[in-house]
Amino acid sequence: MTTTIDFLSHLNPSQRQAVEHYCGPLLVVAGAGSGKTRALTYRIANLILKHRVDPENILAVTFTNKAAREMKERIQKLFAEQLAMKEHGQRFDLLTEYEQTKLRSQVWRTYIKDLWCGTFHSLFSRILRFDIEKYQDEKGRRWNRNFSIFDESDAQSLVKEIVTKQLNLDDKKFEPRSVRYAISNAKNQGFSPQEFEREQPNYRGRVIADVYSRYQDKLAENNALDFDDLILIPTKLFQQNEQVLGYWHRKFRHILVDEYQDTNRTQYDLIRLLVTNGEDRKSEWEWQNRSVFVVGDADQSIYSFRMADFTILLEFQNDFGDGLPDEDTRTMVKLEENYRSCENILQAANELIENNTQRIDKVLKPTRGAGEQIYCHKADDELEEADFVIRQIRTLEHQNPEVNWGSFAILYRTNAQSRPFEELLVKNQIPYTVVGGIKFYDRKEIKDVIAYLRAIANPADTVSLLRVINTPRRGIGKATIDNLINAAQQLGTTLWEIISDETSVNTLAGRSAKAVNNFAAMISNYQEQIANLPVSELLMGLLEESSYVQDLQNQGTDEAEDRIQNVQELYNATLQFQEENEDVSLTAFLQSAALSSDLDNLKEGQTAVSLMTLHASKGLEFPVVFLVGLEQGLFPNYRSMNDPAALEEERRLCYVGITRAQERLYLSFARERRLYGSREPALRSQFLDELPEELLTTKSKILQVYTKIPATSNGKQNTTQNWQVGDKVLHKTFGIGEITHVFGSGNKISVAIKFSSLGQKIIDPRVAQLQKIE
DNA sequence: CATTTTTACGTTTTT
DNA sequence: CGTAAAAATG
């Protein structure tokens, strides 16, 4: 294949530097809309094409499964285009459909299939399928490769059981939710129960450490892991077993991490171990044919509640890089040109985020026209707010042929805010999708069916077994189940060992013995067939034999009808899974089910209005964005208002929301909002007051013709002007100030200006109306 | 034992 | 207000 790769010509100099990076560490500071996904995909393609890196030696970590899938698709497309030119001398889209399909599958086999691309959770649970049997924790707990992945509600039930049943503690004082949260945080920082106790040497700390330890016992008994273990256990395994670490270290010569600002301590440890092979001395690190390439933006760090720590990103230069100042470093690139949003939107975002103290100075530089003003709406209450938004949507859609329902997004702080919008959208017959909220795999019927599959794949999974042993009703009551559990405990075996033994059941289960034996026979029958039956057929047989669907049909309610539909969809999901994946084993399916999120199902090019939380909107973009519920206490959330660091995170969240918008941005707040039934007065969010006033409009002259704004030609009048340290300048909003620093030059210039009233600000002189004064 | 009625309790954000 | 767990009833 040729080494001249024409796709490099589509990049700006910084992007190009990132894409062409080969060995060693590189931090890419990528502002919103600066083309970081492009940089990532092109770099992977470049590694393979130009540097002849074998795809199986590349590890690419993304934040969601959807991002992983998209990345693979984009790389596949790049290769397909290259190959089309080379083998057919023609552009890919001019080939016949047959040739396209053939080429696509060829590309998939040679380049994409062996690439390790996914979330931390999916990648490392895959690694655990290989190596978990070599692991033993500090208390000697062990797991095998068929481990179940417990979701948040499974985890919380375990904690609740320990707190109330085992330790007889007051679950008001030790709320399962907050205890579980503390345990999760401990795991995300790499603490074992003992280490946690050392960190918090008080009564509460001791109790939680005890619960944590018992919780691990329970997980091990069930041969199960929670989300956090999927990261923590590989880390501990790598630390205790250098052969295992060595193997993966040699395999993953090129590591890429997207959204690096949202990694936590354990994830960082994992990356560091893989890169350095556990060698602490920097001088010993071997960078030949090896790289670590991370992309992130501290201003978009919004997951600290999940123990994400953006100082990890800020520290990259010292950890892996050359640690040199920005001007001299060879291990950092900043992508600041924004290709997404109009200038007004960017300026608002820039000014908002400058209220934060903890950040890398970085300004989003516009490449597009000024665009419309930002419209701020003051609503009477949440119903009127929704009414305003839907009216705008209808009008804009009506007036502009190039706009479809998919051009709009409604973003809010909490999931609960979606309701009034949904109701009005339904009333207006506007198609919409709510991203997040109740996840598909969280529905009762889906959890039931998945529990059947988990019990089959992992007989030790007592939690799943108990969930389905009497679902649908088989006349196996609480008393018999307690009997069986007791026996298992006495003998120190799993519940399954008892249930699957006919003689034991006959003595223990009394009248229900027959039902239990039938149930056990069904499960063990499928266990034997795991290897022969595809997941879809196994599921089909199971649904039939357990009469799960039959039972729903007998209920005859609308709700039951819905559930049957969902079960049908799960069956479709197994079919799709089998088509798309190499490994189609039951455990692989269960893994993907456990780790899939609702976000992953958001389809591109969908012609429906999108509703989602600000968190869910990260990485997406829309021509028109409505950012709603901008009220003190809601956004910023009241829990964050007394904590400066938390408040800064809320501000970053707002920044993320603003930077989703391409052409138009609407902000709104309500004077009064329903909270738990009662009406509460509300105040406008402080974030609104942090935005530049001249960019906002509150008049309703907004319903003008909506047109795409063309990109500006390179540079504006101010570009050529020479700015020097010491210059006195007049800024349209900030008043008189003095230039203290000049960064970059030409069309990458930005200046720091000290204003007497407002302190120091970094400004792009091409964006701001800046005048030199004598 | 299973269904219905009552009560309490809650909202950040999610892999 | 709406949901989910707890309690009460047939």
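Letters A, B, ... are given to chains in the order of the sequence lines, protein chains preceding strands, and every chain is numbered from 1.
One atom, CD of A/Gln267, and another, C1' of B/dT14, lie 12 Å apart when rounded to the nearest Å. Taking atom NZ of A/Lys618 as the reference point, atom P of B/dT13 lies 16 Å away to the nearest angstrom. Look at CG on A/Asn554: it is 17 Å from C1' on B/dT3, rounded to the nearest Å. B/dT14 atom C1' lies 17 Å from atom OH of A/Tyr441, rounded to whole Å. Spacing between atom OH of A/Tyr303 and atom C1' of B/dT15 amounts to 9 Å, rounded to whole angstrom units. Distance, A/Gln156 CD to B/dG10 C1': 13 Å, rounded to whole Å. Atom CZ of A/Arg651 and atom P of B/dT13 are 21 Å apart (whole Å). Taking atom CG on A/Leu232 and atom C1' on B/dT15, their separation rounds to 15 Å, with Å as the unit.
Remark: ring of A/Phe120 not stacked against base of B/dT15; the cut-offs of centroid gap under 5.5 Å and plane tilt under 30° are not jointly satisfied.
Considering only the side chain of A/Arg674, C/dC1 comes nearest among C/dC1, B/dA2, B/dT13. Checking C/dG2, B/dT15, B/dT11 against every side-chain atom of A/Tyr676, the shortest atom distance belongs to B/dT11. Side chain of A/Lys160, nearest nucleotide from B/dT13, B/dT15, C/dA5: C/dA5. Relative to the side chain of A/Arg473, the nucleotides B/dT14, B/dA2, C/dT3 differ in distance, and B/dA2 lies closest.
If A/Phe227 and A/Gly477 are placed on DNA chain B by their nearest nucleotide, the residue sitting closer to the 5' end is A/Gly477. When each of A/Leu653 and A/Asn470 is assigned the nucleotide of DNA chain B bearing its nearest heavy atom, the one mapping closer to the 5' terminus is A/Asn470.
Of all nucleotides present, only B/dC1 satisfies the Watson-Crick or G-U wobble test against C/dG10, with each distance under 3.5 Å. Of the nucleotides present, B/dT6 is the one that pairs with C/dA5 by Watson-Crick or G-U wobble criteria, both distances under 3.5 Å. With both pairing distances under 3.5 Å, B/dT13 is matched to nothing as a Watson-Crick or G-U wobble pair.
Ring pair A/Phe130/A/Trp248: centre-to-centre distance below 6.0 Å. The six-membered or imidazole ring of A/Phe305 lies near that of A/His615, with a centre-to-centre distance under 6.0 Å.
Remark: A/Asp381 does not engage A/Arg671 in a salt bridge, criterion side-chain N to carboxylate O under 4.0 Å. Contact check on A/Glu621 versus A/Arg660 returns no salt bridge, with no Lys/Arg side-chain nitrogen under 4.0 Å from an Asp/Glu carboxylate oxygen. At a threshold of 4.0 Å, the pair A/Arg674-A/Glu680 does not count as salt-bridged, since none of the basic side-chain nitrogens sits closer than that to a carboxylate oxygen. Taking 4.0 Å as the cut-off between side-chain N and carboxylate O, A/Arg652 and A/Glu649 count as a salt-bridged pair.
Note on A/Lys444: nothing from the nucleic acid sits closer than 4.0 angstrom, heavy atoms only. Within 4.0 Å of A/Tyr638, counting heavy atoms only, lie sugar-phosphate atoms of the nucleic acid but no base atom. A/Gln417 comes within contact range of no nucleotide atom at all, as no heavy-atom separation falls under 4.0 Å. Using a 4.0 Å heavy-atom cutoff across all strands shown, A/Asp228 reaches no nucleic acid atom at all.
Taking 4.0 angstrom as the limit, A/Thr64 places none of its side-chain polar atoms (N or O) nearer than this to OP1 or OP2 of B/dT15. Note on A/Arg413: every side-chain N or O is 4.0 Å or more away from OP1 and OP2 of B/dT13. The side chain of A/Asn415 contributes an N or O atom lying less than 4.0 Å from OP1 or OP2 of B/dT13. When the side-chain nitrogen and oxygen atoms of A/Arg652 are compared with OP1 and OP2 of B/dT13, none of them lie within a distance under 4.0 Å. At the phosphate of B/dT11, OP1 or OP2 sits under 4.0 Å from a side-chain N or O atom of A/Arg177.
Counting only heavy atoms from C-beta outward, the side chains of A/Ile469 and A/Ile499 approach each other to under 4.5 Å.
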